[in-house]
Number of protein chains: 2
Amino acid sequence: MKPSTSIQDYLKRIYELTENGSPASTNDLARELNIKPASVTGMIQKLANEKPALLEYQKHQGVTLTSAGKKAALEVIRHHRLLETWLVQTLGYSWDEVHEEAERLEHVISEDFERRIAAALGHPLRDPHGELIPTADLKMPLDDSTPLSALRKNQTGKILCIKGADADLLRHLDELGLTPNAMIEVTDYSPFDHNLTIKVEKKTHVLGLSVTSKIFIEQK
Amino acid sequence: MKPSTSIQDYLKRIYELTENGSPASTNDLARELNIKPASVTGMIQKLANEKPALLEYQKHQGVTLTSAGKKAALEVIRHHRLLETWLVQTLGYSWDEVHEEAERLEHVISEDFERRIAAALGHPLRDPHGELIPTADLKMPLDDSTPLSALRKNQTGKILCIKGADADLLRHLDELGLTPNAMIEVTDYSPFDHNLTIKVEKKTHVLGLSVTSKIFIEQK
DNA sequence: AAAATAATTTAGGCAAGGCTAAATTTTACA
DNA sequence: TGTAAAATTTAGCCTTGCCTAAATTATTTT
(Lines give C-alpha, C1' and ligand atoms only; values in the text may rest on other atoms or scores of the structure.)
Protein backbone atom coordinates (compact mmCIF):
# COMPACT_ATOMS: atom_id res chain seq x y z
CA MET A 1 0.00 0.00 0.00
CA LYS A 2 1.08 3.55 -0.67
CA PRO A 3 2.93 5.12 2.25
CA SER A 4 1.31 8.06 4.03
CA THR A 5 2.42 11.60 3.29
CA SER A 6 4.48 11.63 6.50
CA ILE A 7 6.23 8.41 5.66
CA GLN A 8 6.92 9.60 2.12
CA ASP A 9 8.64 12.62 3.63
CA TYR A 10 10.76 10.44 5.89
CA LEU A 11 11.83 8.27 2.96
CA LYS A 12 12.66 11.24 0.77
CA ARG A 13 14.83 12.85 3.43
CA ILE A 14 16.54 9.61 4.34
CA TYR A 15 17.32 9.08 0.68
CA GLU A 16 18.93 12.51 0.46
CA LEU A 17 20.86 12.16 3.71
CA THR A 18 22.24 8.75 2.76
CA GLU A 19 23.36 9.69 -0.75
CA ASN A 20 26.87 10.05 0.65
CA GLY A 21 26.86 6.39 1.64
CA SER A 22 26.57 6.72 5.40
CA PRO A 23 23.39 6.16 7.43
CA ALA A 24 21.17 9.11 8.35
CA SER A 25 21.22 10.16 11.99
CA THR A 26 18.12 10.75 14.05
CA ASN A 27 19.13 14.35 14.63
CA ASP A 28 19.79 15.22 11.02
CA LEU A 29 16.54 13.63 9.97
CA ALA A 30 14.67 15.55 12.65
CA ARG A 31 16.18 18.81 11.44
CA GLU A 32 15.29 18.11 7.81
CA LEU A 33 11.73 17.13 8.70
CA ASN A 34 11.18 19.92 11.23
CA ILE A 35 10.11 17.52 13.92
CA LYS A 36 11.66 16.45 17.21
CA PRO A 37 14.31 13.71 17.35
CA ALA A 38 12.17 11.65 19.72
CA SER A 39 9.40 11.56 17.12
CA VAL A 40 11.84 10.40 14.49
CA THR A 41 12.98 7.53 16.69
CA GLY A 42 9.39 6.41 17.11
CA MET A 43 8.61 6.49 13.43
CA ILE A 44 11.74 4.73 12.21
CA GLN A 45 11.31 2.02 14.81
CA LYS A 46 7.84 1.39 13.51
CA LEU A 47 8.94 1.41 9.87
CA ALA A 48 11.90 -0.89 10.50
CA ASN A 49 9.61 -3.50 12.03
CA GLU A 50 7.08 -3.76 9.23
CA LYS A 51 6.64 -6.86 7.12
CA PRO A 52 8.43 -5.74 3.96
CA ALA A 53 10.58 -3.10 5.67
CA LEU A 54 11.27 0.17 3.91
CA LEU A 55 14.31 0.88 6.03
CA GLU A 56 16.92 -0.67 8.28
CA TYR A 57 17.78 0.62 11.67
CA GLN A 58 19.86 -0.31 14.70
CA LYS A 59 19.80 1.70 17.88
CA HIS A 60 22.23 4.62 17.82
CA GLN A 61 23.48 3.59 14.36
CA GLY A 62 21.20 5.63 12.15
CA VAL A 63 18.93 4.60 9.29
CA THR A 64 19.38 3.36 5.75
CA LEU A 65 16.76 2.51 3.14
CA THR A 66 16.09 -0.99 1.92
CA SER A 67 15.73 -1.31 -1.83
CA ALA A 68 11.94 -1.14 -1.41
CA GLY A 69 12.43 2.05 0.59
CA LYS A 70 14.69 3.48 -2.09
CA LYS A 71 12.08 2.80 -4.75
CA ALA A 72 9.42 4.53 -2.70
CA ALA A 73 11.74 7.49 -2.11
CA LEU A 74 12.61 7.77 -5.79
CA GLU A 75 8.92 7.74 -6.65
CA VAL A 76 8.37 10.80 -4.46
CA ILE A 77 11.48 12.52 -5.76
CA ARG A 78 10.41 11.83 -9.33
CA HIS A 79 7.02 13.36 -8.59
CA HIS A 80 8.63 16.38 -7.02
CA ARG A 81 11.04 17.09 -9.83
CA LEU A 82 8.55 16.48 -12.61
CA LEU A 83 6.10 18.78 -10.86
CA GLU A 84 8.68 21.54 -10.50
CA THR A 85 9.50 21.27 -14.16
CA TRP A 86 5.86 21.28 -15.13
CA LEU A 87 4.91 24.22 -12.91
CA VAL A 88 7.75 26.29 -14.31
CA GLN A 89 7.05 25.42 -17.91
CA THR A 90 3.28 25.58 -17.99
CA LEU A 91 2.28 28.03 -15.26
CA GLY A 92 5.18 30.44 -15.32
CA TYR A 93 6.41 29.77 -11.82
CA SER A 94 9.97 30.96 -11.28
CA TRP A 95 12.49 28.39 -10.11
CA ASP A 96 12.65 29.89 -6.63
CA GLU A 97 8.86 29.63 -6.14
CA VAL A 98 8.10 26.10 -7.20
CA HIS A 99 9.55 24.13 -4.34
CA GLU A 100 6.78 24.61 -1.78
CA GLU A 101 3.99 23.90 -4.23
CA ALA A 102 5.67 20.71 -5.46
CA GLU A 103 6.31 19.69 -1.86
CA ARG A 104 2.56 19.35 -1.29
CA LEU A 105 1.51 18.07 -4.71
CA GLU A 106 4.12 15.31 -4.82
CA HIS A 107 2.17 13.24 -2.31
CA VAL A 108 -1.21 13.27 -4.01
CA ILE A 109 -0.74 12.93 -7.76
CA SER A 110 -1.56 9.61 -9.41
CA GLU A 111 0.79 7.50 -11.49
CA ASP A 112 -1.38 8.48 -14.42
CA PHE A 113 -0.78 12.14 -13.71
CA GLU A 114 2.95 11.46 -13.42
CA ARG A 115 2.96 9.76 -16.81
CA ARG A 116 1.00 12.57 -18.41
CA ILE A 117 3.26 15.38 -17.29
CA ALA A 118 6.38 13.36 -18.06
CA ALA A 119 5.11 12.84 -21.59
CA ALA A 120 3.95 16.44 -21.96
CA LEU A 121 7.41 17.64 -20.93
CA GLY A 122 9.18 15.21 -23.28
CA HIS A 123 10.58 13.04 -20.46
CA PRO A 124 13.06 15.59 -19.17
CA LEU A 125 16.34 14.48 -17.59
CA ARG A 126 16.64 17.38 -15.13
CA ASP A 127 14.32 19.71 -13.24
CA PRO A 128 14.53 23.54 -13.25
CA HIS A 129 17.34 23.49 -10.68
CA GLY A 130 19.17 20.95 -12.78
CA GLU A 131 18.54 18.08 -10.38
CA LEU A 132 18.38 14.69 -12.08
CA ILE A 133 14.86 13.27 -12.37
CA PRO A 134 14.58 9.58 -11.44
CA THR A 135 13.50 7.51 -14.44
CA ALA A 136 10.05 5.99 -14.87
CA ASP A 137 11.43 2.67 -13.65
CA LEU A 138 12.74 4.42 -10.55
CA LYS A 139 16.46 4.50 -11.09
CA MET A 140 18.49 7.60 -10.36
CA PRO A 141 20.57 8.50 -13.44
CA LEU A 142 24.32 8.73 -12.96
CA ASP A 143 25.54 12.18 -12.05
CA ASP A 144 28.65 13.21 -13.94
CA SER A 145 28.79 16.77 -12.64
CA THR A 146 31.57 18.32 -10.58
CA PRO A 147 31.22 21.18 -8.13
CA LEU A 148 32.27 24.58 -9.41
CA SER A 149 34.53 24.78 -6.40
CA ALA A 150 36.73 22.12 -7.98
CA LEU A 151 37.52 24.26 -11.04
CA ARG A 152 40.69 26.29 -11.38
CA LYS A 153 41.92 29.22 -13.42
CA ASN A 154 41.16 29.03 -17.15
CA GLN A 155 38.88 26.04 -16.83
CA THR A 156 35.40 26.34 -18.30
CA GLY A 157 32.14 24.45 -18.11
CA LYS A 158 28.37 24.51 -18.39
CA ILE A 159 26.19 24.78 -15.28
CA LEU A 160 24.21 21.60 -14.80
CA CYS A 161 22.67 21.96 -11.39
CA ILE A 162 22.22 24.19 -8.33
CA LYS A 163 21.98 22.12 -5.17
CA GLY A 164 20.78 23.01 -1.70
CA ALA A 165 20.11 26.69 -2.31
CA ASP A 166 17.24 28.46 -0.59
CA ALA A 167 14.86 30.78 -2.44
CA ASP A 168 16.95 33.86 -1.62
CA LEU A 169 20.13 32.42 -3.04
CA LEU A 170 18.25 31.12 -6.08
CA ARG A 171 16.94 34.60 -6.84
CA HIS A 172 20.42 36.01 -6.43
CA LEU A 173 21.98 33.42 -8.73
CA ASP A 174 19.27 34.08 -11.28
CA GLU A 175 20.19 37.77 -11.31
CA LEU A 176 23.82 36.89 -11.95
CA GLY A 177 22.86 34.59 -14.80
CA LEU A 178 24.05 31.56 -12.87
CA THR A 179 21.35 29.14 -13.95
CA PRO A 180 21.48 25.70 -15.55
CA ASN A 181 22.97 25.72 -19.05
CA ALA A 182 24.92 28.94 -18.52
CA MET A 183 28.54 28.78 -19.71
CA ILE A 184 31.15 29.67 -17.11
CA GLU A 185 34.83 30.50 -17.32
CA VAL A 186 37.08 30.63 -14.28
CA THR A 187 39.41 33.61 -14.60
CA ASP A 188 41.04 33.45 -11.20
CA TYR A 189 41.40 31.34 -8.11
CA SER A 190 42.44 32.35 -4.61
CA PRO A 191 43.96 29.43 -2.71
CA PHE A 192 43.60 31.31 0.58
CA ASP A 193 39.84 31.58 0.84
CA HIS A 194 38.90 29.39 -2.13
CA ASN A 195 37.22 32.33 -3.85
CA LEU A 196 36.72 31.88 -7.57
CA THR A 197 36.53 34.70 -10.08
CA ILE A 198 34.28 33.66 -12.92
CA LYS A 199 32.85 35.08 -16.11
CA VAL A 200 29.27 34.49 -17.17
CA GLU A 201 27.77 36.30 -20.12
CA LYS A 202 30.50 38.95 -20.28
CA LYS A 203 30.19 39.70 -16.58
CA THR A 204 32.70 38.89 -13.87
CA HIS A 205 31.86 37.78 -10.34
CA VAL A 206 33.81 36.62 -7.32
CA LEU A 207 32.19 33.69 -5.53
CA GLY A 208 32.96 32.17 -2.15
CA LEU A 209 33.05 28.49 -1.30
CA SER A 210 29.55 28.55 0.19
CA VAL A 211 28.26 29.32 -3.29
CA THR A 212 30.72 27.50 -5.53
CA SER A 213 30.08 24.26 -3.68
CA LYS A 214 26.39 24.47 -4.59
CA ILE A 215 26.88 24.97 -8.31
CA PHE A 216 27.58 21.86 -10.37
CA ILE A 217 29.26 21.87 -13.71
CA GLU A 218 29.81 19.76 -16.76
CA GLN A 219 33.47 20.31 -17.36
CA LYS A 220 34.56 21.21 -20.85
CA MET B 1 -6.46 28.71 9.68
CA LYS B 2 -7.06 26.50 6.70
CA PRO B 3 -9.38 23.58 7.49
CA SER B 4 -7.93 20.07 7.30
CA THR B 5 -8.55 17.91 4.24
CA SER B 6 -11.23 15.99 6.16
CA ILE B 7 -13.03 19.13 7.20
CA GLN B 8 -12.84 20.52 3.69
CA ASP B 9 -14.58 17.37 2.51
CA TYR B 10 -17.31 17.75 5.10
CA LEU B 11 -17.90 21.37 4.08
CA LYS B 12 -18.00 20.55 0.39
CA ARG B 13 -20.54 17.76 0.85
CA ILE B 14 -22.68 19.80 3.22
CA TYR B 15 -22.71 22.60 0.67
CA GLU B 16 -23.92 20.24 -2.02
CA LEU B 17 -26.51 18.57 0.19
CA THR B 18 -27.96 21.88 1.35
CA GLU B 19 -28.21 23.48 -2.08
CA ASN B 20 -31.90 22.55 -2.04
CA GLY B 21 -32.43 24.74 1.00
CA SER B 22 -32.91 22.06 3.65
CA PRO B 23 -30.30 20.95 6.20
CA ALA B 24 -28.08 17.95 5.47
CA SER B 25 -28.83 14.81 7.48
CA THR B 26 -26.19 12.82 9.30
CA ASN B 27 -26.99 9.78 7.21
CA ASP B 28 -26.76 11.47 3.82
CA LEU B 29 -23.52 13.11 4.80
CA ALA B 30 -22.10 9.79 5.98
CA ARG B 31 -23.05 8.17 2.67
CA GLU B 32 -21.45 10.95 0.61
CA LEU B 33 -18.26 10.89 2.68
CA ASN B 34 -18.03 7.11 2.91
CA ILE B 35 -17.78 7.14 6.67
CA LYS B 36 -20.10 5.94 9.42
CA PRO B 37 -22.94 8.16 10.68
CA ALA B 38 -21.55 8.05 14.21
CA SER B 39 -18.31 9.58 12.98
CA VAL B 40 -20.20 12.34 11.23
CA THR B 41 -22.05 13.23 14.43
CA GLY B 42 -18.75 13.55 16.26
CA MET B 43 -17.19 15.78 13.66
CA ILE B 44 -20.11 18.15 13.18
CA GLN B 45 -20.50 18.54 16.92
CA LYS B 46 -16.89 19.59 17.14
CA LEU B 47 -17.16 21.98 14.19
CA ALA B 48 -20.37 23.55 15.46
CA ASN B 49 -18.70 24.41 18.78
CA GLU B 50 -15.65 26.20 17.41
CA LYS B 51 -14.99 29.89 17.91
CA PRO B 52 -15.97 31.18 14.48
CA ALA B 53 -18.21 28.25 13.59
CA LEU B 54 -18.25 26.90 10.07
CA LEU B 55 -21.61 25.22 10.51
CA GLU B 56 -24.78 25.16 12.58
CA TYR B 57 -26.24 22.07 14.06
CA GLN B 58 -29.01 21.00 16.41
CA LYS B 59 -29.45 17.42 17.49
CA HIS B 60 -31.56 15.40 15.08
CA GLN B 61 -32.11 18.48 12.89
CA GLY B 62 -29.22 18.18 10.46
CA VAL B 63 -26.49 20.64 9.53
CA THR B 64 -26.26 23.89 7.60
CA LEU B 65 -23.24 26.02 6.80
CA THR B 66 -22.61 29.44 8.28
CA SER B 67 -21.49 32.05 5.80
CA ALA B 68 -17.88 31.36 6.82
CA GLY B 69 -18.52 27.69 6.17
CA LYS B 70 -20.02 28.47 2.77
CA LYS B 71 -16.96 30.50 1.80
CA ALA B 72 -14.67 27.66 2.81
CA ALA B 73 -16.80 25.19 0.85
CA LEU B 74 -16.84 27.40 -2.25
CA GLU B 75 -13.08 27.70 -2.06
CA VAL B 76 -12.76 23.92 -2.26
CA ILE B 77 -15.36 23.65 -5.00
CA ARG B 78 -13.61 26.38 -6.98
CA HIS B 79 -10.34 24.49 -6.67
CA HIS B 80 -12.00 21.28 -7.78
CA ARG B 81 -13.70 22.71 -10.82
CA LEU B 82 -10.74 24.77 -11.96
CA LEU B 83 -8.55 21.71 -11.60
CA GLU B 84 -10.91 19.55 -13.64
CA THR B 85 -10.93 22.15 -16.38
CA TRP B 86 -7.17 22.48 -16.23
CA LEU B 87 -6.52 18.74 -16.32
CA VAL B 88 -8.81 18.25 -19.29
CA GLN B 89 -7.42 21.15 -21.25
CA THR B 90 -3.71 20.79 -20.61
CA LEU B 91 -3.14 17.11 -19.92
CA GLY B 92 -5.74 15.51 -22.12
CA TYR B 93 -7.77 13.88 -19.36
CA SER B 94 -11.25 12.89 -20.50
CA TRP B 95 -14.17 14.29 -18.53
CA ASP B 96 -14.92 10.95 -16.92
CA GLU B 97 -11.37 10.56 -15.60
CA VAL B 98 -10.68 13.90 -13.98
CA HIS B 99 -12.84 13.70 -10.91
CA GLU B 100 -10.67 11.50 -8.72
CA GLU B 101 -7.50 13.39 -9.49
CA ALA B 102 -9.11 16.74 -8.73
CA GLU B 103 -10.58 15.28 -5.56
CA ARG B 104 -7.08 14.91 -4.11
CA LEU B 105 -5.43 17.97 -5.60
CA GLU B 106 -8.17 20.37 -4.50
CA HIS B 107 -6.97 20.21 -0.90
CA VAL B 108 -3.32 21.00 -1.45
CA ILE B 109 -3.01 23.67 -4.12
CA SER B 110 -2.10 27.20 -3.06
CA GLU B 111 -4.10 30.33 -3.76
CA ASP B 112 -1.30 31.28 -6.08
CA PHE B 113 -1.76 28.06 -8.02
CA GLU B 114 -5.50 28.71 -8.17
CA ARG B 115 -4.92 32.18 -9.61
CA ARG B 116 -2.44 30.90 -12.15
CA ILE B 117 -4.67 28.20 -13.59
CA ALA B 118 -7.72 30.47 -13.54
CA ALA B 119 -5.78 33.04 -15.56
CA ALA B 120 -4.27 30.43 -17.89
CA LEU B 121 -7.77 29.13 -18.62
CA GLY B 122 -9.20 32.60 -19.17
CA HIS B 123 -11.33 32.57 -16.01
CA PRO B 124 -13.82 29.96 -17.21
CA LEU B 125 -17.44 30.04 -16.06
CA ARG B 126 -18.01 26.28 -16.14
CA ASP B 127 -15.96 23.11 -15.72
CA PRO B 128 -15.85 20.19 -18.19
CA HIS B 129 -19.14 18.79 -16.88
CA GLY B 130 -20.70 22.20 -17.20
CA GLU B 131 -20.81 22.85 -13.46
CA LEU B 132 -20.56 26.52 -12.54
CA ILE B 133 -17.21 27.54 -11.09
CA PRO B 134 -17.42 29.76 -7.99
CA THR B 135 -15.89 33.17 -8.67
CA ALA B 136 -12.56 34.37 -7.27
CA ASP B 137 -14.45 36.25 -4.54
CA LEU B 138 -16.24 33.02 -3.64
CA LYS B 139 -19.74 33.58 -4.89
CA MET B 140 -21.62 30.88 -6.77
CA PRO B 141 -22.92 32.31 -10.06
CA LEU B 142 -26.66 32.10 -10.67
CA ASP B 143 -27.75 28.96 -12.45
CA ASP B 144 -30.30 29.58 -15.18
CA SER B 145 -30.44 26.02 -16.49
CA THR B 146 -33.46 23.74 -16.56
CA PRO B 147 -33.40 19.94 -16.48
CA LEU B 148 -33.87 18.24 -19.82
CA SER B 149 -36.72 16.33 -18.18
CA ALA B 150 -38.75 19.56 -18.14
CA LEU B 151 -38.68 19.93 -21.92
CA ARG B 152 -41.53 18.79 -24.17
CA LYS B 153 -42.04 17.93 -27.81
CA ASN B 154 -40.55 20.41 -30.27
CA GLN B 155 -38.63 22.32 -27.64
CA THR B 156 -34.92 22.78 -28.20
CA GLY B 157 -31.92 23.85 -26.17
CA LYS B 158 -28.20 23.70 -25.61
CA ILE B 159 -26.70 21.38 -23.01
CA LEU B 160 -25.12 23.38 -20.20
CA CYS B 161 -24.32 20.80 -17.59
CA ILE B 162 -24.35 17.11 -16.63
CA LYS B 163 -24.94 16.64 -12.91
CA GLY B 164 -24.46 13.66 -10.66
CA ALA B 165 -23.39 11.18 -13.31
CA ASP B 166 -20.79 8.51 -12.56
CA ALA B 167 -17.89 7.74 -14.89
CA ASP B 168 -19.86 5.02 -16.69
CA LEU B 169 -22.76 7.28 -17.51
CA LEU B 170 -20.39 10.05 -18.52
CA ARG B 171 -18.67 7.78 -21.02
CA HIS B 172 -22.04 6.68 -22.36
CA LEU B 173 -23.27 10.25 -22.76
CA ASP B 174 -20.04 11.16 -24.48
CA GLU B 175 -20.63 8.43 -27.03
CA LEU B 176 -24.11 9.76 -27.72
CA GLY B 177 -22.75 13.27 -28.17
CA LEU B 178 -24.57 14.46 -25.06
CA THR B 179 -21.90 16.81 -23.75
CA PRO B 180 -21.97 20.47 -22.77
CA ASN B 181 -22.69 22.79 -25.71
CA ALA B 182 -24.44 20.12 -27.77
CA MET B 183 -27.72 21.29 -29.31
CA ILE B 184 -30.73 19.15 -28.51
CA GLU B 185 -34.21 18.91 -29.99
CA VAL B 186 -37.05 17.04 -28.29
CA THR B 187 -38.98 15.14 -30.90
CA ASP B 188 -41.30 13.20 -28.65
CA TYR B 189 -42.49 12.89 -25.06
CA SER B 190 -44.16 9.95 -23.35
CA PRO B 191 -46.27 11.12 -20.39
CA PHE B 192 -46.46 7.53 -19.09
CA ASP B 193 -42.83 6.89 -18.26
CA HIS B 194 -41.48 10.39 -18.90
CA ASN B 195 -39.24 9.11 -21.66
CA LEU B 196 -38.00 11.78 -24.02
CA THR B 197 -37.06 11.20 -27.63
CA ILE B 198 -34.35 13.63 -28.61
CA LYS B 199 -32.19 14.46 -31.57
CA VAL B 200 -28.50 15.33 -31.23
CA GLU B 201 -26.27 15.72 -34.26
CA LYS B 202 -28.67 13.97 -36.64
CA LYS B 203 -29.08 11.01 -34.29
CA THR B 204 -32.17 10.11 -32.30
CA HIS B 205 -32.19 8.64 -28.79
CA VAL B 206 -34.84 7.76 -26.23
CA LEU B 207 -33.87 8.76 -22.70
CA GLY B 208 -35.48 7.82 -19.39
CA LEU B 209 -36.03 10.13 -16.45
CA SER B 210 -32.92 8.86 -14.65
CA VAL B 211 -30.89 10.39 -17.44
CA THR B 212 -32.96 13.41 -18.47
CA SER B 213 -32.99 14.67 -14.90
CA LYS B 214 -29.19 14.82 -14.92
CA ILE B 215 -28.84 16.85 -18.11
CA PHE B 216 -29.33 20.59 -17.78
CA ILE B 217 -30.26 22.84 -20.64
CA GLU B 218 -30.31 26.45 -21.68
CA GLN B 219 -33.70 26.66 -23.26
CA LYS B 220 -33.97 28.23 -26.69
C1' DA C 1 40.05 7.38 32.31
C1' DA C 2 36.67 10.31 34.36
C1' DA C 3 33.67 13.99 33.63
C1' DA C 4 31.04 16.78 30.73
C1' DT C 5 28.39 17.21 26.73
C1' DA C 6 25.83 15.66 22.86
C1' DA C 7 22.92 12.36 20.69
C1' DT C 8 19.48 9.11 21.13
C1' DT C 9 15.88 6.47 23.10
C1' DT C 10 12.04 5.51 26.45
C1' DA C 11 7.82 6.67 28.65
C1' DG C 12 3.69 8.84 28.84
C1' DG C 13 0.44 12.08 26.67
C1' DC C 14 -2.41 14.47 23.24
C1' DA C 15 -5.33 15.74 19.04
C1' DA C 16 -7.39 14.25 14.81
C1' DG C 17 -10.44 11.41 12.84
C1' DG C 18 -12.02 7.19 12.22
C1' DC C 19 -14.93 2.59 14.13
C1' DT C 20 -18.40 -0.57 16.73
C1' DA C 21 -21.99 -1.43 19.92
C1' DA C 22 -25.55 0.23 22.54
C1' DA C 23 -28.89 3.79 23.76
C1' DT C 24 -32.07 7.14 22.34
C1' DT C 25 -35.06 9.82 19.19
C1' DT C 26 -37.90 10.36 15.35
C1' DT C 27 -40.77 8.76 11.87
C1' DA C 28 -43.82 5.66 9.74
C1' DC C 29 -47.59 2.67 9.63
C1' DA C 30 -50.96 -0.52 11.12
C1' DT D 1 -52.25 5.66 19.00
C1' DG D 2 -49.01 2.27 19.85
C1' DT D 3 -45.30 -0.05 17.95
C1' DA D 4 -41.77 -1.24 14.70
C1' DA D 5 -38.26 0.55 11.86
C1' DA D 6 -35.07 3.98 10.70
C1' DA D 7 -32.12 7.69 11.96
C1' DT D 8 -29.26 9.70 15.21
C1' DT D 9 -26.44 10.13 19.14
C1' DT D 10 -23.50 8.44 23.02
C1' DA D 11 -19.81 5.88 24.90
C1' DG D 12 -15.70 3.73 24.57
C1' DC D 13 -11.88 2.38 21.74
C1' DC D 14 -8.11 2.52 18.06
C1' DT D 15 -4.34 4.32 14.94
C1' DT D 16 -1.41 7.90 13.24
C1' DG D 17 1.95 10.99 14.19
C1' DC D 18 3.43 14.35 16.81
C1' DC D 19 5.16 16.38 21.70
C1' DT D 20 7.79 16.86 26.37
C1' DA D 21 10.48 15.19 30.09
C1' DA D 22 13.45 11.91 31.77
C1' DA D 23 16.68 8.19 31.11
C1' DT D 24 20.32 6.19 28.66
C1' DT D 25 24.25 5.72 25.57
C1' DA D 26 28.08 7.89 22.80
C1' DT D 27 31.45 11.11 22.16
C1' DT D 28 34.59 14.68 23.63
C1' DT D 29 37.43 17.04 26.65
C1' DT D 30 40.40 17.49 30.30
Choose from dT26(C), dC19(D), dG17(C) the nucleotide whose nearest atom is closest to any side-chain atom of H60(B).
->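 In terms of side-chain proximity for H60(B), the closest of dT26(C), dC19(D), dG17(C) is dT26(C).
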* Can you figure out which of dT9(D), dC19(D), dT9(C) approaches the side chain of K36(A) most closely? =>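 From the listed options, dC19(D) comes nearest.
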Interatomic distance, [X] [atom1] vs [N] [atom2] [rounded to whole Å]:
| X | N | atom1 | atom2 | value |
| --- | --- | --- | --- | --- |
| R31(B) | dT8(D) | CZ | P | 10 Å |
| Y57(B) | dA7(D) | OH | C1' | 12 Å |
| Q45(B) | dT8(D) | CD | C1' | 10 Å |
| L29(A) | dT8(C) | CG | C1' | 13 Å |
| D9(A) | dT16(D) | CG | C1' | 15 Å |
| M43(B) | dG17(C) | CE | P | 4 Å |
| N34(B) | dG18(C) | CG | P | 11 Å |
| N27(B) | dA7(D) | CG | C1' | 6 Å |

Taking any heavy-atom pair under 4.0 Å as a contact, classify S6(B): base, sugar-phosphate, or nothing.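 S6(B): backbone/sugar contact only, no base atoms under 4.0 Å.
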Exercise for review: Quick one: label T26(A) by what it contacts on the DNA or RNA (base, sugar-phosphate, nothing), any heavy atom closer than 4.0 Å.
Suggested key: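 Sugar-phosphate contact only.
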Picking from K12(A), R81(A), Q8(A), what satisfies side chain to side chain donor-acceptor pair (under 3.5 Å) with E106(A)?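 The residue from K12(A), R81(A), Q8(A) that satisfies side chain to side chain donor-acceptor pair (under 3.5 Å) with E106(A) turns out to be K12(A).
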Report task. Quick one: sort the Y189(B) and H194(B) rings into parallel, tilted or perpendicular, breaks at 30° and 60°. Result ->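 Ring orientation of Y189(B) relative to H194(B): tilted.
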Whichever of A38(B) and K46(B) has its nearest DNA chain C nucleotide further upstream toward 5':
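So the residue in question is K46(B).
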Subject >> Electrostatic pair E75(B):K2(B) at N-O distance under 4.0 angstrom >> reply: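 Salt bridge flag = no for K2(B) with E75(B).
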P37(A) or K59(A), whichever maps to the more 5' nucleotide of DNA chain D: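 The 5'-side residue here is P37(A).
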(message) Which residue is it: L142(B), I77(B), L125(B)? I am looking for the one with a side chain to side chain contact (heavy atoms under 4.5 Å, CB included) to L132(B).
(response)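 Only match with L132(B) under side chain to side chain contact (heavy atoms under 4.5 Å, CB included): L125(B).
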Just checking W86(B) against F113(B), ring centres under 6.0 Å apart?
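No.
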Please state whether the phosphate of [N], meaning OP1 or OP2, lies under 4.0 angstrom from any side-chain nitrogen or oxygen of [X].
| X | N | value |
| --- | --- | --- |
| Y10(A) | dC18(D) | yes |
| T41(B) | dT9(D) | yes |
| S4(B) | dA16(C) | no |

